[in-house]
Undergrad: 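Below are the structure tokens for one structure; questions will follow.
Since the structure is predicted, the reported quantities are computational estimates derived from the model, not experimental observations.
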Amino acid sequence: MHAFVYKSLRKADTYLYLAARDDFARLPAPVRAQLGELAFVLEVTLSPERKLAREDIAVVRQNLASQGFHLQFPPLAAIQDPMPDA
């Protein structure tokens, strides 16, 4: 299975995997709007034995097969609280 990976230029550390290159029609309009401009990063083969740094390959493959896309968000630890304790 191939995936085409795009980086959101609006949301830091947010990536979109697509089953088909430039097939943004699969994304719900609100999701597409939140991601803003997308920059192509890479094409990757997602074989079951492949490891991904932040995602479970089985989940990515399932999402691509069922909905045509997968969103990778930044780890929760990387998101800073806008209202830190005083």
Undergrad: What are the two closest non-hydrogen atoms of T45 and R50, and how far apart are they?
TA: O-CD, 3.1 Å

Undergrad: Can you tell me if E43 has over 12 outside heavy atoms packed within less than 6.0 Å of its CD?
TA: yes

Undergrad: Measuring from atom CG of L71 to atom CD of Q34, what distance do you get when rounded to the nearest 0.5 angstrom?
TA: 9.5 Å

Undergrad: Taking the side chain as everything from C-beta on, heavy atoms only, tell me whether F4 gets closer than 4.5 Å to D23.
TA: no

Undergrad: Write down the atom of P28, the atom of F69, and the distance for their closest heavy-atom approach.
TA: CD-CZ, 3.8 Å

Undergrad: Testing the basics here: between A19 and L64, what is the closest heavy-atom pair and its distance to 0.1 Å?
TA: N-CD2, 3.5 Å

Undergrad: Do you know the tightest heavy-atom contact between Y17 and E55?
TA: OH-CG, 4.4 Å

Undergrad: So do the side chains of F40 and D22 get within less than 4.5 Å of each other, counting heavy atoms only?
TA: no

Undergrad: Starting at CZ of R32, measure out to CG of L38 and round the result to the nearest 0.5 Å.
TA: 4.5 Å

Undergrad: Could you measure the distance from the CD1 atom of I57 to the CE atom of M1? Nearest 0.5 Å is fine.
TA: 9.5 Å

Undergrad: Where is the tightest heavy-atom contact between V41 and Y6, given as atom of each residue plus distance?
TA: CG2-C, 4.0 Å

Undergrad: Please tell me if the side chains of V5 and Q72 come closer than 4.5 Å, counting only heavy atoms from C-beta onward.
TA: no

Undergrad: Measuring from atom CG of L18 to atom CD of Q67, what distance do you get when rounded to the nearest 0.5 angstrom?
TA: 10.5 Å

Undergrad: Which heavy atom in P74 sits nearest to a heavy atom in T14, and how many Å separate them?
TA: CD-OG1, 3.5 Å

